[in-house]
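A short worksheet on the structure shown next.
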Amino acid sequence: RPLSPHLTIWRWQVTMLASIMHRATGMALLLGAIVLAWWLISVSNGPEGYDSFMPYAAMPLGVVVLFGFTWAFAFHFCNGIRHLAWDLGYGFEKHTASKTGFLVFALSFLLAIAAFAMVWTGNGGYLQ
């Protein structure tokens, strides 16, 4: 039987990577929502509940997971705007699609880094 083309056949392009990452970040946001629910339940249980959650969130792996969730949200948001433009009929030219794909990756990393920088420098209102 003939096989349909798969990822090893196609030459990787930024539009292909952005499409795959959009699906992956959607799944990551689902997992992040579970962690967010865990945090909300911990907070609702008072200081003892919050203290049981914080050791996991403060460890280096917890910070990486939080940054990954933040980046996944930023990427999914930016790429969703790109898809909305496509739904309206804009940006289908090959050069434009590649350019906006690179822009989505760059802008999502900048947004995630900016969010972390704002919180860690105390400008997010959390360290007052």
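Numbers here simply count residues along the sequence, with the first being 1.
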First locate atom CG of Asp51, then atom CG of Asn45, and finally report the distance between them rounded to the nearest 0.5 Å.
11.5 Å
Would you say Tyr56 ends up clustered with Leu66 if hydrophobic residues are merged whenever their side chains have heavy atoms under 4.5 Å apart, either directly or through other cluster members?
no
Residues, nucleotides or ligands: over 12 heavy atoms within 6.0 Å of Phe53 CZ
yes
Interatomic distance, OG@Ser19 vs CZ@Arg82, rounded to 0.5 Å, equals 8.5 Å
When you measure from the side chain of Ser52 to the backbone of Gly49, do you find a donor-acceptor pair of N or O atoms at a distance under 3.5 Å?
yes
Show the nearest heavy-atom pair for residues His22 and Phe75, with the distance to one decimal.
N-CE2, 3.6 Å
Distance in Å, Thr100 OG1 paired with His95 NE2, rounded so as to fall on 0.5 Å steps
10.0 Å
Which side-chain hydrogen bond (donor to acceptor under 3.5 Å, both in side chains) pairs, counting each pair once, include a residue from residues 25-42, with sequence neighbours left out?
Thr25-His76
Check whether any side-chain heavy atom of Ile20 sits under 4.5 Å from a side-chain heavy atom of Trp12, and report yes or no.
yes
Interatomic distance, CD1@Ile41 vs CG@Leu36, rounded to 0.5 Å, equals 10.0 Å
Is Phe67 atom CZ crowded by more than 12 heavy atoms from other residues, nucleotides or ligands, each under 6.0 Å away?
yes
Would you name the heavy atoms of Trp86 and Gly91 that are closest together and state the gap between them?
NE1-O, 3.2 Å
All N/O donor-acceptor pairs, side-chain side in residues 107-117, below 3.5 Å, sequence neighbours left out:
{"from": "Ser108", "atom 1": "OG", "to": "Trp71", "atom 2": "NE1", "distance (Å)": "2.9"}
{"from": "Ser108", "atom 1": "OG", "to": "Val104", "atom 2": "O", "distance (Å)": "3.0"}
{"from": "Ser108", "atom 1": "OG", "to": "Phe105", "atom 2": "O", "distance (Å)": "2.9"}

